[in-house]
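Bear in mind that the values here come from a model prediction, so they are computed numbers and not experimental data. Chain letters run A, B, ... following the sequence lines, proteins first and then strands; every chain starts at 1.
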Number of protein chains: 2
Amino acid sequence: MVRSEKAKHVLDTAHPVRDAEVTQAKILAAAEEEFARHGLVAARTERIAAQTHVVKAMIHYYFKSKEGLYQAVLERAFSEISSLGEQLDLEQLSPKPALKQYVRGFLACLSRNPNLPAILFYEAIQNRGKYYKWTGMLQVYTTLAEILEQGMAIGVFRTLEPRHAAINIVGVCIFYFTAHENLKHLWRGKQMLSPEMLDQHAQEAITTIMASVQLS
Amino acid sequence: MVRSEKAKHVLDTAHPVRDAEVTQAKILAAAEEEFARHGLVAARTERIAAQTHVVKAMIHYYFKSKEGLYQAVLERAFSEISSLGEQLDLEQLSPKPALKQYVRGFLACLSRNPNLPAILFYEAIQNRGKYYKWTGMLQVYTTLAEILEQGMAIGVFRTLEPRHAAINIVGVCIFYFTAHENLKHLWRGKQMLSPEMLDQHAQEAITTIMASVQLS
DNA sequence: TAACTGACTAACTTACTAGTCAGTTTAGCA
DNA sequence: TGCTAAACTGACTAGTAAGTTAGTCAGTTA
């Protein structure tokens, strides 16, 4: 779904605007927050409605059901991840820069949408991938594993099990986001999703990942 | 809470045993699964009761409320993590073996209780640490950070930001458990929590972590 | 300006779920 | 063996949350 300029502009106003596109966008935005925070089951349509300043019935009017809204949120949220590998053509790069580039892209994607990890987590643990078949995320793992295998083949990476290593790389990238609310106590309550902190995380994560695959 | 031998023994039988200790242990075990899978809000006391082959009222009889049961589960589940640093005396080891030992202990702890990561995530994301003050987990981060700082000071570890690095180490250890249900598709549906796979994860995680902190 | 259409609302229904309680059963002891 | 306290049960209640519906409101067109 493409969000129009109009929709973007009015998105945070509380006034009723009587514009289908805007209302849907507002509901989607509020729903993403709600689902990221509480998961599908514990999410409350009433809260989403209140946040959106429309009435609960609008959710059913536009999205049929709570589930329907959830699926719409998932689709929008993961559209970017699915197309991660395509935008950077990794074939042209050698394994080391390819890995670096891909991880950088993945981290940038997460930074742009910090709700994604939580939604992913809920979908995996609570719904067991019922609504999102994880094909997008599996793509991430297999792409990483391929890069790692190539690197091993030409002797620029250490010996490792590609799939486990890929999982660990994703773990390094994602964990920070899912735990951010508690990690802040390590910085005396500092906001962990601020641009500076996210940048610091990205930098540390990339260094850690590149170091973890290098030859010893 | 110490689980007696008697309780352990009868834990998985379906027959009514009319033993307070056993019943409580059965409820706790079923509740741990339920809370790990669904979180506090989406957990259903009726499901816990059904799993336990007792009646829902017993939960309130022994644990007063759903929240009370949840707190009891948290307390039991995290008692081990809190005392992780104590059992191995890290002071006597130099940073490298200390890090290796500590991570090994942490991973062993997770393998023994694979529900722990999911419970941790729910508590962090959904309840924002309302019931578990994360002092236990914060201890893990600070211990790791201290080891890393020592290693940097004597020049056996590369230059890194200790807290971010500690977070990434924990991420590598934990992520596998939270995503296991989806990761299995990378192995054609293989069970990811089997002893062999857990062992493989532990081994890969330790290698990865040790490689990630070494001097380049 | 009247008919029309889609956006929106308030009030309602139905289903579910945590928690209660009055009463029953059983283990173990006198 | 009978008594008692603790373990346990089934039926109930109050509250909550998803989903429905009849109808209102605002913009648009002829």
Atom pair distance, as rounded to whole Å: [atom1] in [X] and [atom2] in [N]:
X: Ile59(A); N: dA17(D); atom1: CD1; atom2: C1'; answer: 12 Å
X: Tyr70(B); N: dG19(C); atom1: OH; atom2: P; answer: 15 Å
X: His60(B); N: dG19(C); atom1: NE2; atom2: P; answer: 4 Å
X: Asp19(A); N: dG6(C); atom1: CG; atom2: P; answer: 15 Å
X: Arg47(B); N: dT17(C); atom1: CZ; atom2: P; answer: 8 Å
X: Tyr62(B); N: dC8(D); atom1: OH; atom2: C1'; answer: 8 Å
X: Glu46(B); N: dA11(D); atom1: CD; atom2: P; answer: 13 Å
X: Ile48(B); N: dG19(C); atom1: CD1; atom2: P; answer: 11 Å

Under the 3.5 angstrom rule, does the side chain of Glu123(B) hit a backbone N or O of Lys130(B) as a donor-acceptor pair? yes
Main-chain N/O of Lys190(B) paired to His185(B) side chain as donor or acceptor, under 3.5 Å: no
What contact category does Ala43(B) fall into here, base, sugar-phosphate, or nothing, at under 4.0 angstrom with non-hydrogen atoms? sugar-phosphate
Among [options], which nucleotide sits nearest the side chain of [X]?
X: Met58(B); options: dG19(D), dA7(D), dG10(D); result: dA7(D)
X: Arg44(A); options: dG19(C), dA7(C), dA18(D); result: dA18(D)
X: Tyr61(A); options: dG19(D), dC8(C), dA7(D); result: dC8(C)
X: Ala57(B); options: dC21(C), dG19(C), dA18(D); result: dC21(C)
X: Thr45(A); options: dA10(C), dC8(D), dA18(D); result: dA18(D)

Gln203(A) and Thr207(A) side chains, donor-acceptor separation under 3.5 Å: no
In terms of side-chain heavy atoms, does Asn115(B) have a donor or acceptor partner in Glu33(B) at a distance below 3.5 Å? yes
Stepwise side chain to side chain donor-acceptor pair (under 3.5 Å) check, Tyr131(B) with Glu67(B): CA-CA 9 Å; Tyr131(B) 300 96; Glu67(B) 271 196 16; 2.8 Å; yes
Closer than 4.0 Å, any side-chain N/O of Thr23(A) to the OP1 or OP2 of dC8(C)? yes
Describe, as an angle rounded to 10 degrees, how the axis at the first end of the helix from dT1(C)-dA30(D) to dA30(C)-dT1(D) is tilted relative to the axis at the last end, five pairs per end.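 So the angle between the two local helix axes works out to 10°.
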With side chain to side chain donor-acceptor pair (under 3.5 Å) as the criterion, how do Thr143(B) and Gln139(B) come out once you've worked through the C-alpha distance, each side chain's angles and the decisive distance to 0.1 Å? CA-CA 6 Å; Thr143(B) 304; Gln139(B) 187 57 48; 3.2 Å; yes
Identify the pairs formed between an N or O of the protein and an N or O of nucleotides 27-30 of chain C at a distance under 3.5 Å, and give each distance.
none

Evaluation steps, side chain to side chain donor-acceptor pair (under 3.5 Å), between Asn127(B) and Tyr70(B): CA-CA 12 Å; Asn127(B) 308 328; Tyr70(B) 179 68; 3.2 Å; yes
Look at the side chain of Lys56(A) against the base of dA18(D) and say whether a donor-acceptor pair falls under 3.5 Å; ignore hydrogens and angles.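 Side chain to base: pair found, below 3.5 Å.
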Exercise: identify the closest heavy-atom pair between Ser212(B) and Ala211(A): O-CB, 3.6 Å
Measure across Tyr132(A) and Ser82(A) and return the closest heavy-atom pair with its distance rounded to 0.1 Å.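 Shortest heavy-atom contact: OH-OG, 4.3 Å.
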Would you say CD of Gln191(A) has more than 12 non-hydrogen atoms from neighbouring residues, nucleotides or ligands within 6.0 angstrom?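 Yes, because the 6.0 Å sphere around CD of Gln191(A) holds more than 12 heavy atoms from other groups.
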